[in-house]
A.B. asks: 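Please see the structure below; I have some questions.
Order of appearance sets the numbers: ligands from 1, and atoms from 1 within every ligand.
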Amino acid sequence: MNGSPKIVITGASGFIATNLRKHLSEKNVKLISISRNNFKEFRNEQKIISKNYDPNILLPKIKNSDALVHLIGIGKQSIKINYETVNVEFTNHILNLCKKSKIKKLIFASGLGVSDKTSLGYFISKYKAEKLITNSGLDYTIFRPSYIVGKNDLLTKYLKKQIKNKQISIPGSGKYSIQPIHISDVVQIIFQSISDIKFKNKTIDLVGPNPLSFEKYVKLFSKGTNSKIRKISLEKYYHTAINNSKSDFGIDDLNILIGNFKGDHKKLQNISGLKCKSIIKLLESGSLF
Ligand SMILES: NC(=O)c1ccc[n+]([C@@H]2O[C@H](COP(=O)([O-])OP(=O)(O)OC[C@H]3O[C@@H](n4cnc5c(N)ncnc54)[C@H](OP(=O)(O)O)[C@@H]3O)[C@@H](O)[C@H]2O)c1
């Protein structure tokens with residue numbers, strides 16, 4: 001890559017994409033960001049609004065870019081939209097766009113827990129997307145993130161909403177483990193993966209250094225807020241999730257939460273050389289709130 005790279009980002013108004021666009025813009029990377037809806041551009045950024053990522057609109061604009069970061073995905077299904085369409089077929093569409101526009105590198109956010117043994121619909125769709133990518137002949141980096149936390153992530157928004165009412169409900173025992181990573185580390189690592197050969201054709205867990213129980217996470221997050229933590233039966237959570245596609249926790253949100261997935265942080269650290277922030281320390285300092 002000579003000079004400043006030109007990077008395409010899909011799903012531009014999403015949580016990871018918005019943070020990544022800001023970071024890359026500050027690093028003077030030239031951006032072409034695509035979304036279905038209008039959004040405010042950062043410096044060095046060209047925006048494309050396209051509902052269905054129409055090749056006729058996109059190809060002339062994105063051709064010969066250095067890499068594409070594919071951040072489109074859904075984690076909840078409804079009668080209007082399903083995993084196969086968004087997580088699998090859309091990924092295939094993006095791969096075809098990359099090939100036609102001679103973009104050689106693709107970066108993708110899959111999910112921690114994805115494997116060929118999985119029985120979860122969401123993970124199956126991510127697994128199929130991973131397979132399309134690894135078989136595409138493009139250079140790729142696939143990240144499998146745990147919870148990515150920072151301002152405006154879904155978990156933080158959920159907890160803040162509950163804290164306002166001085167009562168936090170947690171599904172089941174809360175003893176299952178999560179391994180969050182901070183968004184500021186995530187955007188640095190994605191930036192690095194665009195050009196660093198160490199990331200080439202790798203599938204890497206995107207996880208923080210400290211696995212911790214969900215209960216501990218919630219306790220530390222809400223420390224000093226006088227909020228009461230209530231454990232609500234999983235049955236109750238699942239009943240709500242099954243019958244309401246707009247519930248706070250969808251079925252797969254619950255499956256992922258209680259799935260107890262742990263990732264290989266050491267591998268991430270070895271490849272990136274980055275010392276990721278300790279989520280426990282961030283929680284203790286109150287800076288995640
Ligand atoms: N955040 C996490 O903790 C986490 C953890 C594991 C995996 N991931 C994966 O990382 C990716 C990005 O996550 P995120 O947290 O940034 O999610 P997000 O905020 O929900 O953003 C996803 C974006 O996907 C686009 N999108 C959704 N449905 C679409 C459709 N039908 N057609 C076209 N575009 C559509 C939207 O972009 P526009 O509105 O701009 O069109 C949306 O903003 C997802 O694939 C997710 O599964 C995230």
A.B. asks: Under 4.0 Å, heavy-atom basis, I'd like to know which part of N87 is in contact with ligand 1: side chain, backbone, both or neither.
C.D. replies: neither
A.B. asks: Using a 4.0 Å heavy-atom cut-off, which part of F39 comes near ligand 1: side chain, backbone, both, or neither?
C.D. replies: neither
A.B. asks: Taking the six-membered ring for Trp, are the ring centroids of F123 and F261 within less than 6.0 Å of each other?
C.D. replies: yes
A.B. asks: Who's the nearest protein heavy-atom neighbour of atom 21 (O) of ligand 1, and how far?
C.D. replies: G14 CA, 3.3 Å
A.B. asks: Hey, is NZ on K76 packed in by over 12 heavy atoms from elsewhere, all under 6.0 Å?
C.D. replies: yes
A.B. asks: Heavy atom of A12 under 4.0 Å from ligand 1?
C.D. replies: yes
A.B. asks: Kindly check if the number of other-residue, nucleotide or ligand heavy atoms within 6.0 Å of NZ (K267) is above 12?
C.D. replies: yes
A.B. asks: Output the list of atoms in ligand 1 that are nearer than 4.0 Å to some heavy atom of S110, sorted by atom number.
C.D. replies: 6 (C), 7 (C), 8 (N), 9 (C)
A.B. asks: Is the closest N or O pair between F15 and ligand 1 shorter than 3.5 Å?
C.D. replies: yes
A.B. asks: Just need the protein heavy atom nearest to atom 6 (C) of ligand 1, so name the residue and atom and give the distance.
C.D. replies: P145 O, 3.5 Å
A.B. asks: Would you say V86 touches ligand 1, if touching means a heavy atom closer than 4.0 Å?
C.D. replies: yes
A.B. asks: Within ligand 1, which atoms have a heavy atom of F90 less than 4.0 Å away?
C.D. replies: 32 (N), 33 (C)
A.B. asks: Considering only non-hydrogen protein atoms, determine which one is nearest to atom 3 (O) of ligand 1 and report residue, atom name and distance to 0.1 Å.
C.D. replies: I148 N, 2.9 Å
A.B. asks: Is there side-chain contact between I7 and I32, with at least one heavy-atom pair below 4.5 Å?
C.D. replies: no
A.B. asks: Scan residues 153-166 for pairs that pass salt bridge (Lys or Arg N to Asp or Glu O under 4.0 Å), counting only residues two or more places apart or in two chains.
C.D. replies: K161-D248
A.B. asks: Which heavy atom of the protein is the closest neighbour of atom 5 (C) of ligand 1, given with residue, atom name and distance?
C.D. replies: S146 O, 3.3 Å
A.B. asks: Which residue supplies the protein heavy atom nearest to atom 27 (C) of ligand 1, what is that atom called, and how far is it?
C.D. replies: R36 NH2, 3.7 Å
A.B. asks: State if K126 counts as touching ligand 1 under the rule of any non-hydrogen atom under 4.0 Å.
C.D. replies: yes
A.B. asks: Report yes or no: is the cationic atom of K47 (NZ for Lys, CZ for Arg) closer than 6.0 Å to the six-membered ring centre of F39, at no more than 45° off its axis?
C.D. replies: yes
A.B. asks: Compute the ring centroids of F249 and Y238, then answer whether they are less than 6.0 Å apart.
C.D. replies: no
A.B. asks: How far is atom 48 (C) of ligand 1 from the closest protein heavy atom, and which atom is that?
C.D. replies: I16 CD1, 3.8 Å
A.B. asks: Please check if the distance between the ring centroids of Y53 and F90 is under 6.0 Å.
C.D. replies: yes
A.B. asks: Check step by step if side-chain contact (heavy atoms from CB on, under 4.5 Å) holds for S25 and L31.
C.D. replies: CA-CA 7 Å; S25 161; L31 293 170; 4.2 Å; yes
A.B. asks: Does the side chain of K128 reach to within under 4.5 Å of the side chain of S125, using non-hydrogen atoms?
C.D. replies: no
A.B. asks: Would you mind checking which non-hydrogen protein atom is closest to atom 10 (O) of ligand 1, with the distance to 0.1 Å?
C.D. replies: A109 CB, 3.2 Å
A.B. asks: Does any N/O atom on Y122 come nearer than 3.5 Å to any N/O atom on ligand 1?
C.D. replies: yes
A.B. asks: Within a 6.0 Å radius of atom NZ on K63, are there more than 12 heavy atoms belonging to other residues, nucleotides or ligands?
C.D. replies: no
A.B. asks: Report the nearest protein non-hydrogen atom to atom 12 (C) of ligand 1: residue, atom name, distance rounded to 0.1 Å.
C.D. replies: L71 O, 3.4 Å
A.B. asks: Hey, could you give me the OG1/CZ distance between T156 and F289, rounded to the nearest 0.5 Å?
C.D. replies: 10.0 Å
A.B. asks: For ligand 1, which atoms sit closer than 4.0 Å to a heavy atom of G73?
C.D. replies: 22 (C), 24 (O), 27 (C), 44 (C), 45 (O)
A.B. asks: Are any of the heavy atoms in F143 under 4.0 Å away from ligand 1?
C.D. replies: no
A.B. asks: May I ask you to list the atoms of ligand 1 that are less than 4.0 angstrom from any heavy atom of G11?
C.D. replies: 37 (O), 40 (O)
